[in-house]
*Asks:* 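Please find one structure pasted underneath; my questions will follow.
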Protein chains: 2
Amino acid sequence: MAPKVPRQQQPDFPRPYTTVDVVIFTVLDEALKVLLVQRPLDTSDPYPGRWALPGGFVDIERDADLLACARRKLLEKTAVRSPYLEQLGSWGSATRDPRGWSSTHAYFALMPAQDVQLAKGANAADVAWFEADAALAGPSLAFDHAQILKAAVDRLRGKVEYTSLPAFLLAEPFTLPQLQKTYEIVLGRPVDKSGFRTRMMAADFLEEAGVVESASHRPPMGYRLKDRSMPVFFPRTFSPRGEP
Amino acid sequence: MAPKVPRQQQPDFPRPYTTVDVVIFTVLDEALKVLLVQRPLDTSDPYPGRWALPGGFVDIERDADLLACARRKLLEKTAVRSPYLEQLGSWGSATRDPRGWSSTHAYFALMPAQDVQLAKGANAADVAWFEADAALAGPSLAFDHAQILKAAVDRLRGKVEYTSLPAFLLAEPFTLPQLQKTYEIVLGRPVDKSGFRTRMMAADFLEEAGVVESASHRPPMGYRLKDRSMPVFFPRTFSPRGEP
DNA sequence: GCAATAGTGTCTATGAGACAATATAGA
DNA sequence: TCTATATTGTCTCATAGACACTATTGC
């Protein structure tokens, strides 16, 4: 009697599609922005003309691993080589892509707006920055990208409470008032100046980069990150007393 | 001239394998344990005889989405239907599986040891609980499962500092001393009794379930979770003063 | 000196940690 | 009453938040 071989052990059982999507954040015009690409109108691809997160299929010839794939997508759309990049989560189901069972590995990236050169790709009619909250409230995105974007915004807003993540949204050198402003933009609320400075200095992740030439008034100190590869975690949160 | 169609838009470009792995935790014999399965010796599958996380290929016929797939793996190995289940992350590369480019979606589960009936599956020579730290220090696991397990243990230990997760490791009703003990086992350090109780009560996620019949001495109050679907987040951490 | 922004000092309520005290059961 | 465990109370000190104050520039 032949041993029962489960279907999954056969070499050629059907496989889902595998994609990588990247939520790219920056701060521009005093707002948290996210990069979206418009899907082409003149193809048979799903969601023609709709805005979507940059991303696409894993190319098993070119991509050594998921992170490399995310970096490739990032480089193609923004020409930025090594921003802060963090895995966000994955979404997969039989129905999220009309072409068939697919799963996507989502990443999110933080970069200074100055670094970005928007690239009109072959497969994207257009590329543009959208205010994060507007992109969530506005006309619905392709696939389940609204869900993914919401998860990314929630994760970013959450982590900003207790990490140095906003520093990755600024070009170096930056000043403490600029950094504070960035925290306030992402959090959507003001932050106490004195407490903010104490917190940043206590975390010991900045190094002085010389006083910045300012337009007028007292010139501020410029800072650089001691280590651009990782954010720092603060012991507590910025939350007002009562709230979690 | 024919438009250049990227290889990826063709319907039949090569796809990676897609799998789901589950890190199943429980507390047993005063230790944090993780469920591992031994890979069969008598097949051509990779890593014969090695211990691995329970998991396997997504079955696009049976699994509606990734979570459903994780639940299926869970049910097959433990006969537990709805434990606490959280997405951990994903790992994918050309080399992690010798059969070819593959990506896995990892989940972690928390369950009371009492609930589990270990099942010897068709594709697993054996199933057993291992102490979490021993599994990490001991002989290496199949694939990149040591990496995944480490991420799971780190995530669990990290979240225990500020969430009610350990409650999902206990059968209801449980007592506050039992819950405290569970926190101490996962954290690997003692916790102050008074502060612990204040914290738990302030979080308001427990409901009384009547006094528990005890062997002797003062009988403790039994508790149930008000909501088994989600953990509660505490405002602060258990960390001793100096440490983060 | 004045305006504007950068940076520091000070006061206080809160709340966590440490530990002491009380409560309730069986023997 | 004694013992063992459960549960509550108290004291103290660090710190986050609020806000006032000083510092340094250009005009």
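First the proteins, then the strands, lettered A, B, ... as listed; each starts at 1. It should be emphasised that the depicted structure is a prediction, and the values quoted were computed from it without experimental measurement.
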*Asks:* Check for me whether the distance between the ring centres of A/Tyr183 and A/Phe196 falls short of 6.0 Å.
*Replies:* yes
*Asks:* Using the test side chain to side chain donor-acceptor pair (under 3.5 Å), find all partners of B/Asp227 that sit at least two apart in sequence or belong to another chain.
*Replies:*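 B/Asp227 satisfies side chain to side chain donor-acceptor pair (under 3.5 Å) with B/Ser229 once adjacent residues are dropped.
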*Asks:* Identify, with sequence neighbours excluded, every residue that meets salt bridge (charged side-chain N to carboxylate O under 4.0 Å, His left out) alongside B/Arg71.
*Replies:*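 Once residues adjacent in sequence are excluded, B/Arg71 has no partner under the salt bridge (charged side-chain N to carboxylate O under 4.0 Å, His left out) criterion.
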*Asks:* Going by atom type alone, with no hydrogens or angles, which donor-acceptor pairs under 3.5 Å involve a side-chain atom of residues 148-155 of chain B and a protein atom two or more places apart or on another chain?
*Replies:*
| residue | atom | partner | partner atom | Å |
| --- | --- | --- | --- | --- |
| B/Lys150 | NZ | B/Asp154 | OD2 | 2.7 |
| B/Arg155 | NE | B/Glu86 | OE2 | 3.0 |
| B/Arg155 | NH1 | B/Leu88 | O | 3.2 |
| B/Arg155 | NH2 | B/Glu86 | OE2 | 3.4 |
| B/Arg155 | NH2 | B/Gln87 | O | 2.6 |

*Asks:* Write down the distance between CD (A/Gln180) and P (C/dT8), rounded to a whole number of angstrom.
*Replies:*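 After rounding, the reported distance stands at 13 Å.
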*Asks:* Does B/Arg81 form a salt bridge (charged side-chain N to carboxylate O under 4.0 Å, His left out) with B/Glu76? I'd like the steps, not just the answer.
*Replies:* CA-CA 9 Å; B/Arg81 198 163 289 274; B/Glu76 286 171 2; over 6 Å; no
*Asks:* Tell me, please, which residues at least two apart from B/Asp65 pass salt bridge (charged side-chain N to carboxylate O under 4.0 Å, His left out).
*Replies:*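 Salt bridge (charged side-chain N to carboxylate O under 4.0 Å, His left out) list for B/Asp65, sorted by chain: empty.
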*Asks:* Using whole Å, report how far CZ of B/Arg189 lies from P of C/dA18.
*Replies:* 10 Å
*Asks:* What is the separation between atom CZ on A/Phe196 and atom P on C/dA6, rounded to the nearest whole Å?
*Replies:* 12 Å
*Asks:* Atom CD of A/Glu208 to atom P of C/dA6: distance rounded to whole Å?
*Replies:*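 After rounding, the reported distance stands at 16 Å.
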*Asks:* Between the protein and nucleotides 19-27 of chain D, list the N/O to N/O atom pairs that are separated by less than 3.5 angstrom.
*Replies:*
| residue | atom | partner | partner atom | Å |
| --- | --- | --- | --- | --- |
| D/dA23 | N3 | A/Arg218 | NH1 | 3.1 |

*Asks:* Take the protein atom CZ of B/Arg197 and the nucleotide atom P of C/dG17, then report the distance between them rounded to whole Å.
*Replies:*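 It works out to 16 Å between those atoms.
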*Asks:* Scan for side chain to side chain donor-acceptor pair (under 3.5 Å) pairs involving residues 166-178 of chain A, sequence neighbours excluded, and state none if there are none.
*Replies:* A/Glu172-A/Arg228
*Asks:* Among all residues two or more places apart in sequence or in another chain, which pass the salt bridge (charged side-chain N to carboxylate O under 4.0 Å, His left out) test with B/Asp133?
*Replies:*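 For B/Asp133 the salt bridge (charged side-chain N to carboxylate O under 4.0 Å, His left out) partners, ignoring immediate neighbours, are B/Arg157.
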*Asks:* Applying salt bridge (charged side-chain N to carboxylate O under 4.0 Å, His left out), can you list everything that pairs with B/Arg218, at least two apart in sequence or on another chain?
*Replies:* none
*Asks:* Can you measure B/Arg199 atom CZ to C/dT14 atom C1' for me and round it to whole angstrom units?
*Replies:* 15 Å
*Asks:* What's the CE-C1' distance between A/Met200 and D/dA16, to the nearest Å?
*Replies:* 13 Å
*Asks:* Can you measure B/Leu176 atom CG to C/dT24 atom P for me and round it to whole angstrom units?
*Replies:* 17 Å
*Asks:* Axis-to-axis angle across the helix from C/dG1-D/dC27 to C/dA27-D/dT1, five pairs an end, to 10 degrees?
*Replies:* 20°
